[in-house]
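In this text, all values refer to a predicted model and were calculated from it rather than measured experimentally. Whatever order the structure lists ligands and atoms in, that order sets their numbers, starting from 1.
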Amino acid sequence: ISATVSVSALAHNLAAVRRHLEQTAAAASGLPPSIWAVIKANAYGHGIEQAVAGFSKAQGLAMLDLDEAVRCREAGWGGPILLLEGFFEPSDLDLVDRYHLSTTVHNREQLDMLARARFSRRVDIMLKLNSGMNRLGFSPAAYAAAHERAMLLQQQGVLGSVGKMTHFACADGPQGVTEQLAVFNSVTHKMPGTISVCNSAATLRFAEIAVASETQSHWVRPGICLYGASPFADAEAASFGLKPAMSLRSEIIAVQDLKAGDSVGYGAIFRADRSMRIGIVACGYADGYPRHAATGTPVVVAGIRTQLVGRVSMDMLIVDLGPVPAAGVGSPVSLWGEEGPSVDEVAQAAGTIGYELLCALAPRVPVTRD
Ligand code: PLP
């Protein structure tokens, strides 16, 4: 089993997103926003180094963990870096300073830490508003005071730019962004600063809210779409011109001939209703393949689409070779990626989302860069 990460697909997806933003901005006679490519969680399982190579034309990179930010610098990224949750203790601020990071600030404790810190240069921040997701951020009632305090720290030479940010809970669904955007606008419209509100779903469906102007800069924060997976349950990534960046491949390691009534795998949850050939594939949940994918989950064997039968086990899964009579031991198997199926199809069959499968790629799976 191995995973291949296509740096050119990452670059292609970034360019596709940028084109979409440029077209939206042109239609609104405005300027396109800048892009922070979100590369948290080891670049959604793709590897920080691959992401730095693939997103070399992004204006910035954004992630949660300080050590991933440091890895970006070590991989040669010299551009802006935004920490999406900021820092948690004063010693983190030494790294923020040393590696020239920008940071999200979402609570008073962080403002207190910034006020006490000794920096060699000003730190740019994005002040986060909790506009309705109720995860992180200053409440609408507390935001003005936080902004005022940040502006004071700016006057004192501690902070550089102070931007305004929020995160949408429902940009991928029918609820959309209207309610949260209204809260964000009503709280922040009189305050100066860069705006950043859009994740992938909002970037793809509501890019008009991120159109910038000479006087108002915007940054979007797409993640999943840059890896060629979809943030939406009702739209495939390919429909936005996106290409899968990760391909998970293995091969058939054994073949069994079943007769009607035979069962396969743990729990015998699949029973053949006729004679059939099945292939055993070297890939299981210990590789990050979802155990909840079972009979019916799409898979591609030797270029032909077929399906899983029975349960996924730790190191193996089982596929129906009916549609692929020529397949045998050694035949290539695509679990998801370039040859199909899409990671989103597999995720849907397993009752989850593509994000989870990409992030859950197990460390034992070797990743090669293509
Ligand atoms: N911005 C923030 C603050 C996030 O936490 C995330 C990820 O959840 C993103 C942007 C990117 O989201 P997505 O992968 O849906 O584009």
Side-chain angles (χ1 to χ4, degrees), residues 10 13-14 16-18 20-21 33-46 48 51 54-55 58-66 68-69 80-88 101-107 110 125-138 163-173 175-177 180-181 184 194-207 209-210 218-237 240 242 244-246 342-344 347 352-361:
L10 296 174
N13 294 335
L14 178 71
V17 169
R18 193 192 304 284
H20 166 66
L21 291 167
S34 301
I35 300 175
W36 269 310
V38 177
I39 62 158
K40 62 184 179 156
N42 194 31
Y44 292 49
H46 294 67
I48 295 292
F55 302 142
Q59 283 95 344
L61 299 177
M63 76 291 292
L64 254 68
D65 298 323
L66 271 159
E68 291 188 335
I81 291 181
L82 176 70
L83 296 172
L84 290 169
E85 284 182 8
F87 48 91
F88 296 93
L101 311 178
S102 311
T103 175
T104 300
V105 171
H106 57 84
N107 63 25
Q110 289 180 320
I125 68 162
M126 295 297 292
L127 204 59
K128 187 165 187 175
L129 172 71
N130 171 15
S131 59
M133 190 168 190
N134 290 317
R135 228 172 40 169
L136 299 181
F138 293 94
K164 307 172 288 184
M165 166 175 168
T166 198
H167 191 47
F168 295 130
C170 302
D172 58 321
Q175 206 170 318
V177 301
Q180 280 189 261
L181 188 63
F184 180 81
T194 290
I195 293 174
S196 178
V197 293
C198 292
N199 56 2
S200 293
T203 299
L204 294 174
R205 284 214 171 134
F206 309 112
I209 69 176
H218 276 259
W219 285 72
V220 293
R221 309 184 307 271
I224 194 72
C225 65
L226 299 179
Y227 304 95
S230 177
F232 306 111
D234 62 352
E236 289 175 16
F240 300 98
L242 304 168
M246 184 197 290
S342 71
V343 71
D344 296 314
T352 181
I353 52 176
Y355 295 75
E356 186 180 5
L357 302 197
L358 295 172
C359 294
L361 185 75

Determine, using heavy atoms of M126 and all atoms of ligand 1, whether some pair is separated by less than 4.0 Å. no
Please indicate whether any nitrogen or oxygen in Y355 is less than 3.5 Å from any nitrogen or oxygen in ligand 1. yes
N or O contact, A201 vs ligand 1, cut-off under 3.5 Å: no
Using a 4.5 Å cut-off on heavy atoms from C-beta on, say whether the side chain of K164 contacts that of L129. no
Closest non-hydrogen atom pair, [X] against [Y]:
| X | Y | value |
| --- | --- | --- |
| N13 | L226 | ND2-O, 3.0 Å |
| L204 | H20 | O-NE2, 3.2 Å |
| N199 | A171 | OD1-CB, 3.7 Å |
| S230 | Y355 | O-CE1, 4.5 Å |

If you count the atoms of ligand 1 from 1 in the order shown, which ones are under 4.0 Å from a heavy atom of [X]?
| X | value |
| --- | --- |
| R135 | 5 (O) |
| Y44 | 7 (C), 11 (C), 12 (O), 13 (P), 14 (O) |
| I224 | 13 (P), 14 (O), 16 (O) |
| P222 | 16 (O) |

Taking only residues two or more places apart in sequence or in another chain, which ones pass side chain to side chain donor-acceptor pair (under 3.5 Å) with E356? T352
Of all the non-hydrogen atoms in the protein, which one sits nearest to [atom], and at what distance?
| atom | value |
| --- | --- |
| atom 1 (N) of ligand 1 | R221 NE, 2.8 Å |
| atom 16 (O) of ligand 1 | S200 OG, 2.5 Å |
| atom 2 (C) of ligand 1 | H167 CE1, 3.4 Å |
| atom 8 (O) of ligand 1 | K40 NZ, 2.9 Å |

Is the Y44 ring parallel, tilted or perpendicular to the Y227 ring (thresholds 30°, 60°)? parallel
Qualifying residues under side chain to side chain contact (heavy atoms under 4.5 Å, CB included), relative to A235, sequence neighbours excluded: R205, F232, S239, F240
